[in-house]
Structure formats: structure tokens, C-alpha cells
Amino acid sequence: MELKDTLNLPDTKFPMRGNLVKREPSRLEHWRKMGLYEKIQEQNAQGPSFVLHDGPPFTNGDVHIGTALNKILKDSILRYKSMQGFRAPYVPGWDCHGLPIEFKVTKELREKGEDLSPAQLREACADFSASFIEKQRGQFQRLGVLADWAEEYKTMKPTYEATILRTFASFVEQGLVYRSKKPVYWSIPCETALAEAEVEYHDHISPSIWVRFEIPGHQFLHIDGPLYIVIWTTTPWTLPANLAVAVHPDLEYVEVKHNGATYIVVDQLAENFIQSCELEGATLGEKHLGRKLESLQPKHPFIDRNSPVVLADYVTTESGTGCVHTAPGHGLEDYLTGLKYGLEIYCPLDDNGCYVDDGQVPAELVGVTVLETKGKCPANSAVLSILTEKGALMAVKKHEHSYPHCWRSKTPVVFRAMDQWFVSLDAHHMREKVLEQIEQVKWTPEAGIKRIRGAVETRPDWCISRQRSWGVPIPVFYDDDKNPLIDADVIKALADKVAENGTNIWFEQSAAELLDGIELPAEFAGKTLTKGGDTLDVWIDSGCSHRAVLQQNEKLSWPADLYLEGSDQHRGWFQSSIWTGVIADGAAPYKNVVTHGFIVDEKGEKISKSKGAMSSDGWVKKFGADIMRLWVASQDYRGDIRLSENHFKLVSNVYRGVRNTLMYQLGNLAGFDYETDAVKPADLTPIDQWALMQTAGFVERVTTAMDNYEFHRAYQEIDRFVGVTLSRVYHAILKDRLYTFAPEWTERASSQTAIYLIFRALVRVIAPVLTFTADEAWSFHVSGEELADDSIHLQPWPKASDFPFDAQVAADIDAVINFREEQVNLPLEKLREEKVIGANLEAKVSITATEEDPLLKLLKKYEADLPELFIVSQVSLATKTDGEVELTAAHADGERCPRSWRWVSELVPAGDFGSVSPRDRDALKALNLI
RNA sequence: GGGCGAUUAGCUCAGUUGGUUAGAGCAUCGUGUUGAUAACGCGAGGGUCACUGGUUCGAGUCCAGUAUCGCCCA
């Protein structure tokens, strides 16, 4: 037998390498088989409840890395809450309806040459959505997300749809729903009005044109020759709908004279105007305040009507001429000005974006489309040629600016007035009520309250109608005179039918069939009715989730304790939810809202879609779920979250440290039975008490971090605890005693007792984040096998008070260790450089100080422990009469023990093993080996 | 263009009510060990705290502006 074989070296089957990609799936299967989620719920059935309400991801693709981040954060929080004894059910959801799916499905069907009825199209959309629910569910599960998948909610489920309709009925009942002609964003390829959320801004090159409107007669005094007011626009195609020219009441406008003609533009932009239109030799004349121009009646440049000068505050001097082309049917500001001046909300475009023949539009424009394809806009070209022909066009330039685009077709959208359904947000002081409720919610980060407040304060009435099929129909009927029947009782009755059969019935049945058995208001009774073709804005769908899920699933409760989504949802889901909550239930549906930022690349810039780094699965397949989860925890998610391969490698390093530490602990607990082998708290050696004190502090700090959902702080704490407290200090010191002491010796049992307690705390603390690894380590701990019946996720969260130690002893050792870190290592390193020693055990340390020195007193108190704490072979303390503490290091004296590698004054015989130190001889004796 | 936020070593984070030479961990480099070994130890280098100006005896910390980045809006 070799000496090495007489040592108690670490022994565990817990593998050093994680091999997560390969190993994690079998643990998932194990969890599924044992019903881990259900077990956790059962265990906490009587605990206080904590309801996190899941924001439903849209079901039109693979799980995006941002969605993965979101779900991981939720899962980590819920696992933490569960370990703390909360009944924390998790019902995930899916957002199914909406334009992106309908668009994609329509496109695919068109390519196949199939033309489906709305009902058939909806079926295809439902299949599409269902297929991605399957896919995404699998991807979420792969991340380790634990949930009540059997109860998951879907916005396309009949009962959910019925809730949407009932919520809408509540809106109608309160008189908030109205119909109005209003300019809305219109996507020509999609033939639909778009919500703000469906519009994205991209840089766009538009023609910018200067157009002169003649002011005939003697409207303006002291002007000889022709007089013009000059407008500037980047949307020439809206000129046929021009009904006015807006100027700012308080700005000065100046007469620009050139070649006998006079042009009126705002003073600040006169130079710009002269240069842009190349009016060489132009001179400036009199100035006039904008409000004085209000009475002017310029002529439309190519249609026989006047375009009066109106006043508007939003006119700026940033670009153009300060005289704003106004088309009430094509812009929101123009619309408001139009209302103020009693102008028609005029919009001569059909659904396809082509000019209609209404007797006013010039014949050469009729049928021309305003849709821009490949940078060319036929309507713009046609309008420009008319303007040129009429001599009204003064200049054309290219203008790059940010312009709204359809989020799906990516084409520029147009503003177009048409009939839509709206929800009034100001009636019954609804907006004020929502703002009041916002104050009752705790927003994290705190700045979130400003964002949602701003969004609620400034949003216009909610346009809720969409001209689509894949959604919940707006339950409105029309009589022959186009009078709408929109009645809360009728809608509620319809909702009952929908709860049974889904909204498909709206598309499959006639109005008469739909209304069969439903009592109509007197004015519609007996009339022939037709059903409306619009669907509801999908934000209503998801905005009703708290009503459809929290109020209807008996395991959940309303309002939610927590909503946790990306910061973009201040304007999206958080807002739609609080509106439906306040309108239908009188309060906000959540108590706390936490937001996370967006994922950016390593430079901190928006991640580009082409990189292919967007898929959650790609990262999981390369690094494993625990690394992804650790990556999520590693950063402060309240700001931007950086994503890069490099980053994952760094996180992997930290992971390896944690894993190795667990392996060390498991290895050194081999053969240790806490019930029979643990020492009493009073018998714990000083270093073990120190380690337990450190653990208590660690647990306390991590708990605080977790309570604040500050995973990055927990991550830093874990990294530090594992890397410094345990690995560098505690575990390093322990090696000698764990390896060479006889198993029954108190010191060794003391350390194993401490390691046992620390391991069980550490593995719990990492469990919410490193779910797989913690459970793996736990399995080996409780069963010695990779998979066990028990799970770390059924264990309670540790408390600082779980760890016994004497505060004075622990503090003393802390001081000794600080002394080692600051003073002892340096001279040892110097010896190493000088090649006097290699390992620290080859060294001895001598410390000299005055008798009164507190440090010396402290060291004396623990003199016997010092070699172990300093990890050297010998430490000698000596006194002197005055001066600072002196520390010298040299090669150790005596001989090297071949068993413990420590240098001792003399070796003693140990049978067949030759000579060893007296302590090692005793150990061998205790082991009955000699 | 507007609103909100961020900006501390290569990376991820700490920096308490403004107060001595700005701290960790990881990474890097050097080195030791070979009984945690695709591991572990020790040491070193690395920051004009985004920039500019202000308040103050004193500012990473307070104020203003600028820049860059992100989200939202136009």
C-alpha cells in the first residue's frame, strides 16, 4: 500500500465537467416524471400566495433570446419564492391573434395559389399559432422553465375570447365606444389600419418640395405683382387633399421679392428658402406676424378651390417654410386643425391607396397609387408633373428623415381618414383613474412610473378596430341604412355563444343565425341586419389576460403580485392591462411591475436580426440552459443586456468555479453521515466557525438581493463566495486536515460538519438560477446517484440563523485570515521567486512584535492553528521590546513528512510506510494500518 | 425632433448621507503545485470613474451642458 492510499482524498461521482447540453434533457425528463411542478405546489399549498402573471409571447416564431431572458427571470423568481414557502403557481400564456400571423399565412396561401374565405383563413392561422405554441413550449421547457403547462392560457381559446367580448361589452355599457372618421395609419399592402404599436420608424428618403400657392386679388396691401405663400412638404401625394395652409400665430413671416413676384415664408427660413429655390438676387421686404395672415385665401395649385391660411401652434421653424401644407384627412395634427376650422376630413384614397374619382381629383391622378415600391411612388411623380405643368413647383430635393413604416410589410404607411371604432379614454375621467392607479403600483426600476405615466397621459383615444380576419370580431351589426347596432346585452349574449363555440361562429354564421335567440333593442327589432367585418385590436386581447386568467383560474388571484416584461411594455401590455383593469374592474390588475431592458451586442448596440443570434435554442444547444440562466443572472437586467459568445465564455468560467467547488465539497463529504458523525456546535474548530459565519453573511446578502430581484448581485455574491471564501481560503486551508487526519478525529469531523452545512446552503442558494446543476449536486448528495427522488427545488431557502458559530472566535479568525492575505503571502512569494521554496508547505514564518501588540495577542491565542491557517509548515511567534510587527519567511526546518508533506522537526517510524510525522503516524494508527 | 434611462479597469459588477493612494470577481501576463488536475494556489499589470464646465475646503458621488448607446414617442 502506498502512503497516498492512506489519505482521505475527495471521492464523488459528481462529474467535474457539466456537459450540460447532453445532461440537462434527462433531468428535465426526470422532473416531468416525478411531477416536480405539482410537488412544489402541493408542498406550498398552505403558504402565502405569490402570483406572477405571465405576459403572453406572440406565437409566430421560435423563442427569441429576449423572450428566453424574460422567461428565465420569471422562473428564477418563482423558484426562489417557492423555496421561501410561497404558493407561487405559474400559468404561462400565448398571444395568438394578430396581423403578423395573418399576414404570413395569407402570403403562404397566396404563393400556393389558394384563396380562402375568412373562416378558412382563420383556421389556417389557428393551426399556425398552435404549431408555434408547441415549438415555443418545448423551447421554454428546455430552459428549465417550470410551469403549469396543462393550464396554459391562449388568447384564441373560446373562453378567453368570450372574456374579451365581455370586457368589450363593459366598455360599451359605459358609453366609451364610439365610431368616427379619423386619420389612422394605413398599411396599403396589409389593407389595415395600424395601431401605434404596429408602426415602426425607419429612415426614409422622400422628395421634399417647395410649392407656391397664389394669393389672388388685393388681399394683401402694398404688394405689386403676383403674391404667393410657399409651402414645403415631403409627401407630395397628399397635395390633392390639401385644404389649408397653416402658419404659427406668433412667428414673423417675411415678404421675399424676386423677379417681381412676392413670396411669403417664415422669417427664420427665408434664407434657406431663397437658396433652396435658387432665387438669385431675392430681397426681403416687410414682415408680418403669422396671426395677421389668417384671413388670406390662397388658391390650391391645381384644383379649383381655396386653401385658406389657418393658425396652428405646432408649426416650427426647423425645416420647410413655416407655412404648413394641411390635409385634414392625412394627418393627426391636420385633422385637429381641420376640426377647429370646420374643414372637411377629406381623403380621396381607396383601400388600395389609389386616388378615387370624386369629381375633384384631377383625371390624370385617378387610379394612381400612393404606395411606394422600390423607392418609387407613382402618385408623387404624377403630382410633381402636374405641379410643374402648373408652374407651382419651386424646388425638389431629397429629404432623409424618420418615417413610419408598417411593422410587417415594411412599407411606408399613409395617414388616411376612415371610419373606425374608438374607446374614449377621457369619458368618466377614465384617464385620471388610470393615472391614480399607476401611483398605487410599485414600479421597478422606479423610472418606469414616468414612462407609463407619460404614455397614459399622451395617448389619444384607443382605436380598436382592425380590418382583419385573425382576431376577435367587433360585435357590431348594421341595418340597411348603415346604422350600427352595438349593444352591451347583445354582446354579452354573443359572448355566451362564443364561450361555447369560439369566435369562428362570427365568420361562419349569418347575422340572423348569430342573433338567433338574442333579444334586440327596439329600434333594431325586426330589421334585416348585416354583421361588421372588423376585428379588435390585439392589445385588447392580451390586455384582458388578467380577467381571463387571474379571475377565472381558481389557483390564481386578482390582482397579480407581479408583472415582469421588457420595458417596451410600458406602452404595450402594462398599459392595455391597466386600462381594461380600471375600466372593467376599477383597479390596476397588478401590484408590482418589474421591467428588463433589451438585449444588445457586445458593443452595446442593437442586435441585428441577420446575425442569427436571436434564437434562444441556438445558445442552449451550444452552452446549455444553466449557462444561459447564469448569463441572465450575471447582468443588471434593468439596463441593456449584452449578448456575445465572449460573454458566455466568461459566464462559463464562473460556472466551472461553482461546479468545481460543489465537487470538492461532495468529494470531501464522502462517508460522512450528518446524523451520526456531525460534531456539536461547541466542538467546531475556529476555522469552521469562521466559514459558517461567512456563510451566514453570504446567505443574508443573497437573500436581500433575491428579494429585490437583483440577480446580478446574487451572482456576484455567489462568485465571490465560491471563488474567494471557499476556494481560495477555506477549502485550501482544509485540505491538510481533510486528507491526512483520521476520519474520527474531531477536527476532520468538525470541518465535514461545516462543509455539509455550507454545501446544503450553497446548493440551495444557486438553485433558482443554476436549476439543473443545483439539482444534480443535490442528487449526488442525497443518493450518490445522478438522479434522485428528492429535488433541491423542494428544499427550503436557507436562513442566516441556520449556521452556528461563536461570534468572537469567528471574528478572531477573520482577523487572522486578513493578516494572512495582506502580510503572509508576500514574503512567501518572494521565497518562491528566489527558488527557495515551491509549495507553501516548504516554508516557515516567524512573527515578532511587542508583547502588547494586539495582533501578537491574537496570534498567540490561535498559535496552534496558525500553520494550518497560513498553509505553511511552521509558525513561530516572538516578542521584542519595541517597533512594528515584523514578519519573515524562510525554508522550513527539519524533515518533510512524505504523507502530509509538512516539514516537522523529526520523523518517526511508521511500519511499512517508513518515516512520517508524529501526527501522521497517529493517523495511520487510528486507521489500523500500522 | 421630444420623453425616459444608461455611461466606474478587456468583461460583469460594488462604491453607504460628497471626505485619505476608486474596490471585487472573471479575463490577461508571470509563476508555483501536480493528493479538487481539462482542477487549485501565489504574484503582477490594468481605471485622468464618457466628456466639458459649475457648486464646495473637498465630487465617481450634487448641478448644467455635450457625446455615445438603448427603450418609447413624433
Side-chain angles (χ1 to χ4, degrees), chain A residues 2-12 14 16-17 196-197 199 201 314 316 318-319 332-333 401-404 445-455 457-459 566-572 575 595-607 631 633-636 638-642 644 646-647 649-657 659-668 710 712-713 715-724 727-729 731-732 734-736 738-740 821 824-826 828-833 835 837-842 871 899-901:
Chain A
E2 301 283 322
L3 263 182
K4 183 175 171 180
D5 301 325
T6 70
L7 299 170
N8 282 303
L9 295 181
D11 179 23
T12 176
F14 182 76
M16 167 168 270
R17 301 184 70 195
E196 299 114 284
V199 167
Y201 286 78
Y314 53 80
T316 68
E318 274 160 24
S319 57
L332 197 60
E333 289 174 329
H401 59 155
S402 181
Y403 190 84
E446 282 174 27
I449 195 170
K450 289 187 191 169
R451 292 189 62 168
I452 185 144
R453 207 191 274 142
E457 278 167 354
T458 59
R459 81 166 292 165
S567 62
D568 57 334
Q569 298 303 332
H570 285 112
R571 189 164 281 265
Q575 209 197 150
T595 55
H596 56 78
F598 277 69
I599 294 177
V600 295
D601 65 17
E602 47 199 326
K603 288 180 198 143
E605 288 174 23
K606 197 174 178 161
I607 208 155
W631 163 75
S634 74
Q635 299 186 61
D636 184 351
R638 293 168 295 199
D640 298 332
I641 300 121
R642 299 203 185 208
S644 72
N646 227 13
H647 224 120
K649 284 181 180 156
L650 288 176
V651 169
S652 300
N653 262 318
V654 173
Y655 174 82
R656 257 184 257 133
R659 190 174 179 91
N660 199 261
T661 297
L662 294 174
M663 188 179 83
Y664 176 91
Q665 295 187 322
L666 283 167
N668 284 298
E710 293 177 319
H712 66 285
R713 281 184 184 263
Y715 169 87
Q716 300 273 338
E717 288 294 343
I718 290 167
D719 187 24
R720 216 181 133 89
F721 183 68
V722 165
V724 180
S727 198
R728 185 205 289 177
V729 181
H731 289 171
L734 249 41
K735 276 159 72 171
D736 179 51
L738 288 168
Y739 297 175
T740 70
E821 298 281 293
V824 182
N825 285 332
L826 283 165
L828 290 176
E829 179 63 12
K830 216 173 164 211
L831 286 183
R832 214 182 333 272
E833 269 171 33
K835 304 285 177 197
I837 61 164
N840 276 14
L841 281 178
E842 290 169 45
I871 319 181
R899 184 166 184 273
S900 65
W901 297 348

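Letters go in sequence order (proteins before strands), and every chain restarts at 1.
Atom CG in Leu650(A) sits roughly 11 Å away from atom C1' in rU28(B) (whole-Å rounding). Rounded to an integer number of Å, the gap from NZ of Lys603(A) to C1' of rU7(B) is 18 Å. Look at CZ on Arg459(A): it is 10 Å from P on rA74(B), rounded to the nearest Å. Counting to the nearest Å, the P atom of rA39(B) and the OH atom of Tyr739(A) are 15 Å from each other. For the pair Arg451(A) CZ and rA74(B) C1', the interatomic distance rounds to 15 Å; values are reported in whole Å. Atom CZ in Phe598(A) sits roughly 13 Å away from atom C1' in rG5(B) (whole-Å rounding). In this structure, the CD1 atom of Ile641(A) is 14 Å from the P atom of rU7(B), given to the nearest Å. Rounded to an integer number of Å, the gap from CG of Leu7(A) to C1' of rU37(B) is 16 Å.
If you check every strand for non-hydrogen atoms under 4.0 Å, Asn660(A) touches a base. Residue Ser727(A) is classed as a base contact, given a heavy-atom separation below 4.0 Å to a base. Residue Arg638(A) is classed as having no contact, given no heavy-atom separation below 4.0 Å to the nucleic acid. Within the 4.0 angstrom heavy-atom criterion, no nucleotide atom of any strand lies near Val651(A). Here Arg899(A) lies in heavy-atom contact (under 4.0 Å) with a base. Contacts of Gln635(A) with the nucleic acid, taken as non-hydrogen atoms under 4.0 Å apart, involve only primed sugar atoms and P, OP1 or OP2. At a threshold of 4.0 angstrom between heavy atoms, the contacts of Gly597(A) with the nucleic acid are absent. Within the nucleic acid shown, Lys4(A) comes within 4.0 Å of at least one base atom, counting heavy atoms only.
Across rC69(B) and rU33(B), the matching C1' atoms stand 46 Å from one another, rounded to whole Å. If you take atom C1' in rU55(B) and the same atom in rG18(B), they sit 12 Å apart, rounded to whole Å.
Distances were taken from every side-chain heavy atom of Lys835(A) (C-beta onward) to each of rG25(B), rG32(B), rG35(B); the shortest belongs to rG32(B). Of the candidate nucleotides rU37(B), rC69(B), rG5(B), rU37(B) has the atom nearest to the side chain of Met663(A). Nearest to the side-chain atoms of Arg571(A) among the listed nucleotides rU12(B), rC73(B), rC69(B) stands rC73(B). Relative to the side chain of Arg832(A), the nucleotides rC40(B), rU12(B), rG41(B) differ in distance, and rG41(B) lies closest.
Between the side chain of Arg720(A) and the base of rA24(B) there is no donor-acceptor pair of N/O atoms closer than 3.5 Å. For rU31(B), the base has no donor-acceptor partner in the side chain of Glu833(A) [N/O atoms by modelled type, under 3.5 angstrom].
Note that CG of Leu734(A) and OH of Tyr664(A) are 5.0 Å apart. Values are rounded to the nearest 0.5 Å.
Judged by centroid separation below 5.5 Å and plane tilt below 30°, Trp901(A) stacks onto the base of rG35(B).
Under a 4.0 Å N-O distance rule, the pair Arg720(A)/Glu717(A) does not qualify as a salt bridge. For the pair Asp636(A) and Arg638(A), the salt-bridge criterion is met [side-chain N within less than 4.0 Å of a carboxylate O].
Of the two residues contacting RNA chain B, namely His712(A) and Asn653(A), the nearest-nucleotide position lying further toward the 5' end is that of His712(A). If you find the closest nucleotide of RNA chain B to Gly639(A) and to Leu9(A), the one lying nearer the 5' end belongs to Gly639(A).
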